[in-house]
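Working notes, structure below.
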2 protein chains.
Amino acid sequence: MTQVKNTFQFEDMLKKHHLKKTAPRLRVLSMMYSKTTATSQPDLENVMHDIDRVTLYRILNIFEEKGIIHKVFDLNGTANYAVCSSGCQENHHHDEHLHFNCTRCKNVYCINDLYLPGLTLPEGFKAESFTLYANGICPKCEKKPHH
Amino acid sequence: MTQVKNTFQFEDMLKKHHLKKTAPRLRVLSMMYSKTTATSQPDLENVMHDIDRVTLYRILNIFEEKGIIHKVFDLNGTANYAVCSSGCQENHHHDEHLHFNCTRCKNVYCINDLYLPGLTLPEGFKAESFTLYANGICPKCEKKPHH
DNA sequence: TGCTAAATGAAATATTGTTGCATTTGTGAT
DNA sequence: ATCACAAATGCAACAATATTTCATTTAGCA
């Protein structure tokens, strides 16, 4: 599930996308790759107090542009970011997977290994990508007793 | 596609949900029913300058609670609202339909008449509802020449 | 080592979401 | 018809987020 990576691999990722290797970027990468759920900007801010909010904002944007991460929205409409599976390219995400919004803990899970059946759209609509959200209770919350 | 309704029907809708018949609410209803695409709060503000922003915010919220409209997010993560199909009840939306985000005009279309195939989630995840987004070009934009 | 473009941090502004409160208004009971 | 009251509105204020500008710093390369 989580793709374990070390600092050298993160440096390679940045180099591959012609991005400079900076401390904030490496820290964002290592945090995002260590999590099984998507990360919101507030999440990052809470962990990395010393990095400017705007810097985080820009890092997330450029990572998304480059296809390193992709954006999903939780139930409140706030942006969350998750590392892309291998199929992503610059400006063209292969995020045809399921996003699971847990209504209890509000975490967003990316569920990559799920077959998304083909769909036929009405006449005239040309779909380039699909995003599927499921809302419910995640395994962790299911185990925990209700507050 | 668009369900044509008149003022009397809007008044009935409000009464059915124990909501008072007020001018702002009737205007919001008539605007939303006249459109084939979802409406954002800024959209409403731009058309109805004289109605307070907070009032619109609250009208949208209570309409959503009552199951009159449902919320969808566009590609920027801003909330859009669309009238619910007949199957919606209070606090439990039947919005298992497709939302089409046009990447060009940014409009959100609700495509009700589309069969959403059943999906099997990984062990432990309990889904209560699904929301499917498709991103691409809508028929209108397809016809228009690129700026 | 030094140059240059890229990246950061800080300040400032725009937009959106949200709450509290005083005032107005719709509606059911009289 | 009107009265009373709860509901709805409008306004002010605030919080959070998104976004731009610009001066300063820094990474990567010649």
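Just so we're on the same page: letters track the sequence lines, and every chain starts at 1. Quick caveat, the model's predicted, so the values are computed rather than measured.
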Check if the side chain of B:Arg25 and the base of C:dG26 share a donor-acceptor pair of N or O atoms closer than 3.5 Å.
no

Quiz item: A:Arg58 side-chain donor-acceptor pair to C:dG9 base, under 3.5 Å:
yes

Between [options], which nucleotide has the shortest distance from any of its atoms to the side chain of [X]?
X       : options                : result
A:Lys20 : C:dG9, C:dT8, D:dT26   : D:dT26
B:Arg53 : D:dA18, D:dA27, C:dT18 : C:dT18
A:Lys21 : D:dG28, C:dG17, C:dT8  : D:dG28

For A:Thr78, give me all partners under side-chain hydrogen bond (donor to acceptor under 3.5 Å, both in side chains), at least two apart in sequence or on another chain.
A:Asp74

If you find the nucleotide of DNA chain D closest to B:Val54 and the one closest to B:Pro24, which residue's nucleotide is nearer the 5' end?
B:Pro24

Measure from the ring center of A:Tyr133 to the ring center of A:Phe100 and say whether it is less than 6.0 Å.
no

In terms of side-chain geometry, is the basic nitrogen of A:Asp50 or A:Arg27 positioned less than 4.0 Å from the acidic oxygen of its partner?
yes

Between [N] and [X], is there an OP1 or OP2 to side-chain N/O distance shorter than 4.0 Å?
X       : N      : value
B:Tyr57 : C:dT16 : no
A:Gln41 : D:dT17 : no
A:Thr22 : D:dT26 : no

Can you classify the ring geometry of A:Phe10 versus A:Tyr33 as parallel (below 30°), tilted (30 to 60°) or perpendicular (above 60°)?
tilted

Within the 4.0 Å heavy-atom criterion, would you say B:Thr55 contacts the bases, only the backbone, or no part of the nucleic acid?
base

Mapping B:Lys15 and B:Asn61 to their closest nucleotides on DNA chain C, which lands nearer the 5' end?
B:Asn61

